[in-house]
There are 2 protein chains.
Amino acid sequence: MALMAQKDTAKSILDSAEELFSERGFAETSLRNITTRAGVNLAAVNYHFGSKKELIQAVFARFLTPFCDDLGKALRGYEHGLAGKSPELGALLRLLAETSMAAGGGNARRLGIFMRLLGLAYSQEQGHLRKFLRNQYGAVFERYMQLVTAASPELSDEERFWRIHFMLGATVFTLSGVESLTAMAQHDLGVSTGIDGVIDKLVPFLSSGFQAPHQD
Amino acid sequence: MALMAQKDTAKSILDSAEELFSERGFAETSLRNITTRAGVNLAAVNYHFGSKKELIQAVFARFLTPFCDDLGKALRGYEHGLAGKSPELGALLRLLAETSMAAGGGNARRLGIFMRLLGLAYSQEQGHLRKFLRNQYGAVFERYMQLVTAASPELSDEERFWRIHFMLGATVFTLSGVESLTAMAQHDLGVSTGIDGVIDKLVPFLSSGFQAPHQD
DNA sequence: GTTGGTTTTAAACATACGTTTAAAACAACA
DNA sequence: TGTTGTTTTAAACGTATGTTTAAAACCAAC
């Protein structure tokens, strides 16, 4: 009996799938695209992952599982450090940004790729994915949202709901396209900003927007 | 010789394509899906539009052509009203919001649909679409951008570049999902906001974010 | 009613997809 | 070395797609 499974094949498939999905979407990426780039046999996907759907979920799981673990720990640490004081939005945003940057082993490019995947998960009709993500990772994000609520008692629930989604949109959209956007900035303005630089610019924008004066 | 072409078929196809594309994306929507819903023959798409690619472009053109015409006129009017004074960001945002709402004949649902299509155009690999949109409608948006620049002389080009994309992201993301988001708000909070209400909340958020204090 | 251009139709075409199969190659242990 | 379970492989399967074809239906003008 063989004990060691070679993870090379499965890992190559995940790597290729991650990139191709983020570049072209799920439906536009065929298993043949993926296996060709990975240099493995077509049937290997079904052997290792079962189906294309399960491969898609595995791509998300490989990123999100360590990320949500880290975020959970960071939240626990932050909550403990509060000692009764109420949380602050800027700190919560920076905490999220740092956890994101840390995930993927500090590989900035990979964060961009994953943000694009997240955007796709929202925009493409992949019912199974939405369900999978909610069931698997919903709890951590609810905890985060409770802290955001505590950090903004002056907002009505409705106002807060929308502003959170405004922030989410600005973040996902910008970081998804961070590669083409930085290229555009380089070409048009002659400046070059890395993804961490973009996040540095994003946080004040989000803070200001979220805490904007509002009329009701 | 027959003079009058019946536009019923082409219009039905555009209507169905618009909805289906926005729900499931381009690749996930087949011509058979479209023609079945439209109640026309499969071959009618190729007859009236040439190919699926050209149908996609036609869907965008039907919305964007009148929209950009309106926006061009509104910009001319606004520039004229300035009389030398420098433009103001809030006014520019409201102008854009009103033109958007007006397009599609005040049909709010259609604006949501179209925002989802715009998001897809950004996120899916549809090289022909990006080129088509830039060639066809790029000029108006460049004029708009020049006004935004004049309205924010305190920002560096780089800072402005990123903040514009933060605004774009918040807008596209939120308005794309406005149907499911309002449903979510209704379910979780018991409040019901129409798309114009969302835009009313969006504008102060964007203004505040765009004009946030920044360090360099 | 016949004509001539336009539009619609059903059927077929070629191609690409996800998945399955069964044989081959491989690796660890007896 | 032979055996056993795992992994890889090439080939095929069934299905769905976008597109093309050629005949039919249609409709206004003569």
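Rounded to whole angstrom, the span from the NE2 atom of His128(B) across to the C1' atom of dG18(D) amounts to 13 Å. To the nearest angstrom, P of dA10(D) lies 13 Å from CZ of Arg32(A). Distance, Asn33(B) CG to dT15(D) P: 18 Å, rounded to whole Å. Taking atom CZ on Arg24(B) and atom P on dA16(D), their separation rounds to 13 Å, with Å as the unit. Atom CZ in Phe26(A) sits about 14 Å away from atom P in dG18(C), given to the nearest Å. Rounded to whole Å, atom P of dG18(D) lies 8 Å from atom CG of Leu42(B). Atom P of nucleotide dA16(C) and atom CD1 of Ile34(A) are separated by 17 Å, given to the nearest angstrom. One atom, CG of Leu31(B), and another, P of dA16(C), lie 16 Å apart when rounded to the nearest Å.
A donor-acceptor contact closer than 3.5 angstrom links the side chains of Thr65(A) and Tyr137(A). At a cut-off of 3.5 Å, with distance as the only test, no side-chain donor of Thr149(B) or Gln146(B) sits close to an acceptor on the other residue.
Using bins of under 30°, 30° to 60° and over 60° for the plane-to-plane angle, the ring pair Phe205(A)/Phe205(B) lands in the perpendicular bin.
Taking the six-membered ring for Trp and the full ring otherwise, Phe60(A) and Phe114(A) have centroids separated by under 6.0 Å. Checked against the 6.0 Å centroid criterion, the rings of His165(B) and Phe161(B) qualify as a close aromatic pair.
Contact annotation for Thr35(A): no contact, since no heavy-atom pair falls under 4.0 Å across all strands.
Neither OP1 nor OP2 of dT7(C) sits under 4.0 Å from any side-chain N or O of Thr9(B). In this model, the phosphate group of dT8(C) is approached by a side-chain N or O of His48(B) to a distance below 4.0 Å at OP1 or OP2.
Listed nucleotides: dT20(D), dT6(D), dT21(C). Nearest to the side chain of Ala43(B): dT20(D). When each of dT19(C), dT6(D), dA10(C) is scored by its nearest atom to the side-chain atoms of Asn41(B), the top-ranked nucleotide is dA10(C). Distance from the side chain of Tyr47(B) is smallest for dT8(C) among the nucleotides dT8(C), dG18(C), dG18(D). Distances were taken from every side-chain heavy atom of Ser30(B) (C-beta onward) to each of dT17(D), dT9(D), dG18(C); the shortest belongs to dT17(D).
Contact check on Glu179(B) versus Arg109(B) returns a salt bridge, with a Lys/Arg side-chain nitrogen under 4.0 Å from an Asp/Glu carboxylate oxygen.
Nearest-nucleotide positions on DNA chain C place Gly39(B) closer to the 5' end than the other of Gly39(B) and Ser51(A).
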Structure string for DNA chain C in dot-bracket form, Watson-Crick and G-U at under 3.5 Å, | interchain: ||||||||||||||||||||||||||||||
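Here the straight-line distance linking atom CD1 of Ile195(B) with atom CG of Leu202(B) works out to 10.0 Å at 0.5 Å rounding.
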